[in-house]
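Here is the naming used below: chain letters follow the sequence lines, and residue numbers restart at 1 for every chain.
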Protein chains: 2
Amino acid sequence: MKDRLKLLNRAARIQYRIDSNNKRPRPFGTSYLMYQSEIHFIDAIGPGDGLNASELSRKLGITNGAVTQIAAKLLEKNLILKYRKDENKKEVYLKLTEEGVIAFENHRLFHKELNDRMLEYLEGLSGEQIDVISGLMDVIENYLPDIEKEEEK
Amino acid sequence: MKDRLKLLNRAARIQYRIDSNNKRPRPFGTSYLMYQSEIHFIDAIGPGDGLNASELSRKLGITNGAVTQIAAKLLEKNLILKYRKDENKKEVYLKLTEEGVIAFENHRLFHKELNDRMLEYLEGLSGEQIDVISGLMDVIENYLPDIEKEEEK
DNA sequence: TTATTTATTTTAGTAACTAAAATAAATAAA
DNA sequence: TTTATTTATTTTAGTTACTAAAATAAATAA
């Protein structure tokens, strides 16, 4: 049963490394490195028309204050711009600049490449093998809610 | 191949939930909730004789300054105590108080329970099934270093 | 005894937030 | 129409979890 224990330790190490990686800023085709919160922000705005701060905060699951703060940083780096509509002086809309779109695309590409690699691997597995991975996820998910329920008290 | 994609999305959601859970403070048999950095700190000190700040910072992989800062919080909550040895007035040693030991034990128990549950599940799997999980980890680990290497530039 | 090394602490700064107060515009009610 | 309320956004102060660099102080080496 030693191999099972090794597997668990390995999973913990992988978790830790993913976590560390996520904390580091990364380049996304732009001059400046971007932190996760910033690139998520850009990803949520998306190319196209732009949306207002409240919609964005809802989409990201963060407070309006946080949106204003992250927006200020991205505004300074010229990755987004703010504007109002003529018929409404209250709402603030955010959209990507050209450089913002480049960051958006690079970020999407980054995830697409990872996704494709993983899919390629998974497609090489049999149905029974997929079931093993799926079963493992069941166990993990089944354990997770316990923690969340405790906090609600 | 839709099931493979579903699996990937599910993995991402699980990742996110684990991450969120890790950020929340949790009780460990003590009156006050503890953040991850605090309970890691306590876990690294361990019951018994205690160690000095430099050893601890090395063990935790954080700076000495961070150790001083976290120690200040735990000191105030009465979970650790600081002392010097008669023969050395320079080094500061840290050890757990009785309540600190309780937190330590609860934290260890928390992980042991999780570990046991996972082991129990894994022991029910065949060698081939374990190989599937192991193979998946290979792919994940193989992808990870790419990110780390980039940063070293 | 002076210089250097080692150990620790302090200070200022960053990321990634939250919660609450302040501000301002739009809508509803008196 | 004026006042009140709701909605949208921003500001401020605070928190966790750090780092990097400067300050301090004790121990060791020159």
Exercise. What does dA27(D) pair with, Watson-Crick or G-U, if both distances are under 3.5 Å?
Worked result: dT4(C)
For this session: Quickly work out the Asn22(B) CG to dT16(D) P distance and round it to whole Å.
Result: 17 Å
For this session: Taking Thr97(A) for its side chain and Asn78(A) for its backbone only, find out whether a donor-acceptor pair lies under 3.5 Å.
Result: yes
Problem set entry | Gap between atoms CD and C1', on Glu91(A) and dT10(D) respectively (whole Å) | 15 Å
Exercise. Please give, in whole Å, the distance from dT10(D) P to Asn52(A) CG?
Worked result: 10 Å
For this session: Could you please spell out the steps behind the salt bridge (charged side-chain N to carboxylate O under 4.0 Å, His left out) verdict for Arg108(A) and Asp43(A)?
Result: CA-CA 8 Å; Arg108(A) 282 286 165 106; Asp43(A) 191 80; 2.8 Å; yes
Exercise. So which nucleotide from dA17(D), dT9(C), dT9(D) ends up closest to the side chain of Gln36(B)?
Worked result: dA17(D)
For this session: Calculate the interatomic distance between Leu74(B) atom CG and dT16(D) atom P; express it in whole Å.
Result: 11 Å
Exercise. How many Å lie between CZ on Arg24(A) and C1' on dA17(D), as a whole number?
Worked result: 16 Å
Problem set entry | Under 4.0 angstrom between Thr63(B) side-chain N/O and dA20(D) OP1 or OP2 | no
Exercise. Is the distance from OP1 or OP2 of dT9(C) to the nearest side-chain N or O of Lys82(B) less than 4.0 Å?
Worked result: yes
Exercise. OH of Tyr93(B) versus P of dT8(C): gap in Å, rounded?
Worked result: 8 Å
For this session: Provide the Watson-Crick or G-U wobble partner of dA16(C), both distances under 3.5 Å; none if there is no partner.
Result: dT15(D)
Exercise. Are Lys77(A) and Glu99(A) within salt-bridge range, i.e. N to O under 4.0 Å?
Worked result: no
Exercise. Could you give the CD1-to-C1' distance, from Ile39(B) to dA17(D), as a whole number of Å?
Worked result: 16 Å
For this session: Keeping the roles fixed (side chain from Arg84(B), backbone from Lys89(B)), state whether a donor-acceptor pair exists under 3.5 Å.
Result: yes
Problem set entry | 5' priority, DNA chain C, between Gly65(A) and Lys89(A) [closest heavy atom] | Gly65(A)
For this session: Nearest whole angstrom, please: distance from the C1' of dA26(C) to the CD of Glu87(A).
Result: 13 Å
Exercise. Ion pair present between Glu141(A) and Arg13(B), side-chain N to carboxylate O less than 4.0 angstrom?
Worked result: no
For this session: Between dC18(D), dT8(C), dA17(D), spot the one nearest the side chain of Ser54(B), thanks.
Result: dT8(C)
Seminar exercise, completed: Note: for Val92(B) and Ser37(A) on DNA chain C, the residue whose nearest nucleotide lies more 5' is Val92(B)
Exercise. When you check the phosphate oxygens OP1 and OP2 of dA16(C), does a side-chain N or O of Lys23(A) lie under 4.0 Å from one of them?
Worked result: no
For this session: Return the 5'-most residue of the pair Lys90(A), Gln69(A) with respect to DNA chain D, ranking by each residue's nearest nucleotide.
Result: Lys90(A)
Exercise. Reckon Ala53(A) touches a base, only the sugar-phosphate, or nothing at all at heavy-atom distances under 4.0 Å?
Worked result: sugar-phosphate
